[in-house]
Chemist: 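After the structure tokens below, expect a handful of questions from me.
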Protein chains: 2
Amino acid sequence: MNPRATTKPRINSATAIRAASLRRRESEKLGVRRAILAAAGELLLESGYAAFSMRKLAERIGYTPTTVYRYFRDKDALLMTVVSDGFVLFEEKLRQAIYGEHDPFAQLQALGRAYVTFGLNHPMHYRVMFMQRADFWSTMPEDFCQPMMASFEVLHAVVQRAIATGESSQTQARTVSHAIWAQVHGVVALALTMPFMDPPQVTAMAESGMQLVLEGFRRR
Amino acid sequence: MNPRATTKPRINSATAIRAASLRRRESEKLGVRRAILAAAGELLLESGYAAFSMRKLAERIGYTPTTVYRYFRDKDALLMTVVSDGFVLFEEKLRQAIYGEHDPFAQLQALGRAYVTFGLNHPMHYRVMFMQRADFWSTMPEDFCQPMMASFEVLHAVVQRAIATGESSQTQARTVSHAIWAQVHGVVALALTMPFMDPPQVTAMAESGMQLVLEGFRRR
DNA sequence: CCGATATAGTTAACACCGTTAACTAATCGC
DNA sequence: GCGATTAGTTAACGGTGTTAACTATATCGG
């Protein structure tokens, strides 16, 4: 109440305000960043990759295109952040999928189903990372791809355990992991590409593909 | 020699000239069209899909960008023609691959190898059709995709013959064909995408993938 | 042979795009 | 209060696909 407070408290409250102000400012900045990312995700899903533009994104969030460049170096960095963030959930889904099973081969089947399900449920994330902008894998800094690589390591670990059971004549875990990855990736890619693939056909292809590969893998 | 020839021959030679002129004009037009297609293929291979532009193409062949539009409706139609033409060779390679073998399962392995080889040898055709412009499958008139569909029918026929041998417990030829397609497509796509995949790793993945799928398929 | 016509090609423009330098307004720290 | 930082905007540059309007040339009918 007293306008002339002593210096001691004045200084204390000043530093407190300064800290709080910094916090608020940073949280506001984070808020705008999140708004950009959210709008970018929506726009990408609605309009597709080809029609996604910085100008439309800016208009959607009520900012000038230039403002987006305060938060992301360029369009590619923004896109990559959207997609990379999405793939954090991907690794989570894969880890969830193997919780329910104990047999490594059953875990592989569960992984395959989770992989395909994610790809179909997040078509734009999948399309950008593996189809339209596959160059991201070589052009982007390594840590951007870390969520995707971590997901692969989940598969790789299960394949190693499957080989360790002695139920397979295969020995090269890395190669087998790549082959299984190719199978599920191919299923998702074809499902997202071929207009004549309706949901029943897609699940039939996915189940058949997993069955063939896993039977071939388990055979000794 | 006589400048005042009779009307009869004059008319005959006139119609002959007219026909020849038409032929020449059409062949010239075809020549320009082929030049555009050739330059487009080169430019695509050298610069990649993202950097491919009508203006650069026009400059390369010494015409104005507008001229290209006399020969192709738009950029997509041009691109699709380049790629579709490339895939005619694809079907040929697949048919060659099964000539050497008689056992349907051996034919499937040969088909898989030919598929992967083509994808790696014509990365831009493959990228455009299955990755960057996968939308062509739904956007373009059906006959543009005919070469690719014909290639799939080669695979489908062999799978049907493999099932007919009774050496497999599988019954749905179409579903199995899709699954095998997914496998080889996944191999090519990952090979063209992942920077850490060197040639030995790619062939290991391809061989392993085919082996797993075909063993799973043959198992009764 | 000559004039109408079709055809091949060019010029100039439109509406977009990603990106950036230069500016404004407000807030922060002393 | 005042300089410095920060958020945001304006305006522009060079590039894109595409098209309307134009020019020049060759063809065709009389």
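Lettering of chains follows the sequences in order, A, B, ..., and the numbering in each one begins at 1.
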Chemist: My understanding is that only residues two or more places apart in sequence, or in another chain, count here; which of them pass side-chain contact (heavy atoms from CB on, under 4.5 Å) with B/Met129?
Modeler: B/Met80, B/Val83, B/Phe87, B/Phe136, B/Trp137, B/Cys145, B/Met148
Chemist: Can you tell me the distance, in whole Å, between the CG atom of A/Asp76 and the P atom of C/dC17?
Modeler: 16 Å
Chemist: Given atom CG of B/Asp74 and atom C1' of D/dT18, what is their separation to the nearest angstrom?
Modeler: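 From B/Asp74 CG to D/dT18 C1': 9 Å.
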Chemist: Does A/Asp198 reach the main-chain N or O of A/Gln201 with its side chain, forming a donor-acceptor pair under 3.5 Å?
Modeler: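 Looks like yes, one N/O pair under 3.5 Å.
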Chemist: Can you give me the N/O atom pairs linking the protein to nucleotides 22-26 of chain C at distances under 3.5 Å, or say none if there are none?
Modeler:
none

Chemist: Return the value, rounded to whole Å, for the distance between atom NZ of B/Lys75 and atom C1' of D/dG17.
Modeler: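 To the nearest whole Å, that distance equals 8 Å.
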Chemist: Expressed as a whole number of angstroms, how long is the span from B/Arg33:CZ to C/dG9:P?
Modeler: 14 Å
Chemist: When rounded to the nearest 0.5 angstrom, what distance separates CZ in B/Phe217 from OG in A/Ser208?
Modeler: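 Going from CZ on B/Phe217 over to OG on A/Ser208, the span is 8.5 Å.
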Chemist: If I take atom OH in residue B/Tyr63 and atom P in nucleotide C/dT11, what distance separates them, rounded to the nearest angstrom?
Modeler: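 Result: 14 Å.
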Chemist: Between the side chains of B/Tyr71 and B/Tyr63, is a donor N or O closer than 3.5 angstrom to an acceptor N or O?
Modeler: no
Chemist: One pair to check against ring-ring contact (aromatic ring centres under 6.0 Å, His included): A/Phe118 and A/Tyr126. What are the steps and the verdict?
Modeler: CA-CA 8 Å; A/Phe118 180 88; A/Tyr126 202 89; 7.6 Å; no
Chemist: Would you say NZ of B/Lys93 has more than 12 non-hydrogen atoms from neighbouring residues, nucleotides or ligands within 6.0 angstrom?
Modeler: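 Count not over threshold, so no.
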Chemist: Would you find more than 12 non-hydrogen atoms of other residues, nucleotides or ligands less than 6.0 Å from A/Glu42 atom CD?
Modeler: yes
Chemist: May I have the distance from B/Phe72 (atom CZ) to D/dT19 (atom C1'), rounded to whole angstrom?
Modeler: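 Distance check: B/Phe72 CZ to D/dT19 C1' gives 19 Å.
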Chemist: Report the residues that fulfil ring-ring contact (aromatic ring centres under 6.0 Å, His included) with B/His125, sequence neighbours left out, ordered by chain and then residue number.
Modeler: B/His122
Chemist: At a heavy-atom distance below 4.0 Å, what parts of residues 124-135 of chain A sit against DNA chain D?
Modeler: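 Hits under 4.0 Å, by residue number: none.
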Chemist: When you check the phosphate oxygens OP1 and OP2 of C/dT10, does a side-chain N or O of B/Thr64 lie under 4.0 Å from one of them?
Modeler: yes
Chemist: Does any part of the side chain of B/His178, heavy atoms only, come nearer than 4.5 Å to the side chain of B/Phe152, both counted from C-beta?
Modeler: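 The answer is yes; the side chains approach within 4.5 Å.
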Chemist: Just compare C/dG9, D/dG8, C/dT20 and give me whichever is closest to any side-chain atom of B/Tyr71.
Modeler: C/dG9
Chemist: What's the CG-P distance between B/Leu78 and D/dG17, to the nearest Å?
Modeler: 10 Å
Chemist: When you look at A/Arg95 and A/Glu91, which way does the salt bridge (charged side-chain N to carboxylate O under 4.0 Å, His left out) test go after all the steps?
Modeler: CA-CA 6 Å; A/Arg95 295 203 180 277; A/Glu91 187 195 347; 3.0 Å; yes
Chemist: Are more than 12 heavy atoms from other residues, nucleotides or ligands located less than 6.0 Å from atom CD of A/Glu46?
Modeler: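 For A/Glu46, atom CD is crowded (more than 12 foreign heavy atoms under 6.0 Å).
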Chemist: Do other residues, nucleotides or ligands put more than 12 heavy atoms under 6.0 Å from A/Tyr99 OH?
Modeler: no
Chemist: Residues of residues 42-60 of chain A with any non-hydrogen atom less than 4.0 angstrom from an atom of DNA chain D: list those, numerically ordered, please.
Modeler: A/Arg55
Chemist: Find out whether B/Leu94 and B/Ile98 are in side-chain contact, i.e. whether some heavy atom of one side chain is under 4.5 Å from a heavy atom of the other.
Modeler: no
Chemist: Which pair of non-hydrogen atoms, one from A/Met210 and one from A/Val184, has the smallest distance, and what is that distance?
Modeler: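 Shortest heavy-atom separation between A/Met210 and A/Val184 comes out as SD-CG1, 3.6 Å.
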Chemist: Just report the end-to-end axis angle for the helix from C/dC1-D/dG30 to C/dC30-D/dG1, five pairs per end, to 10 degrees.
Modeler: 0°
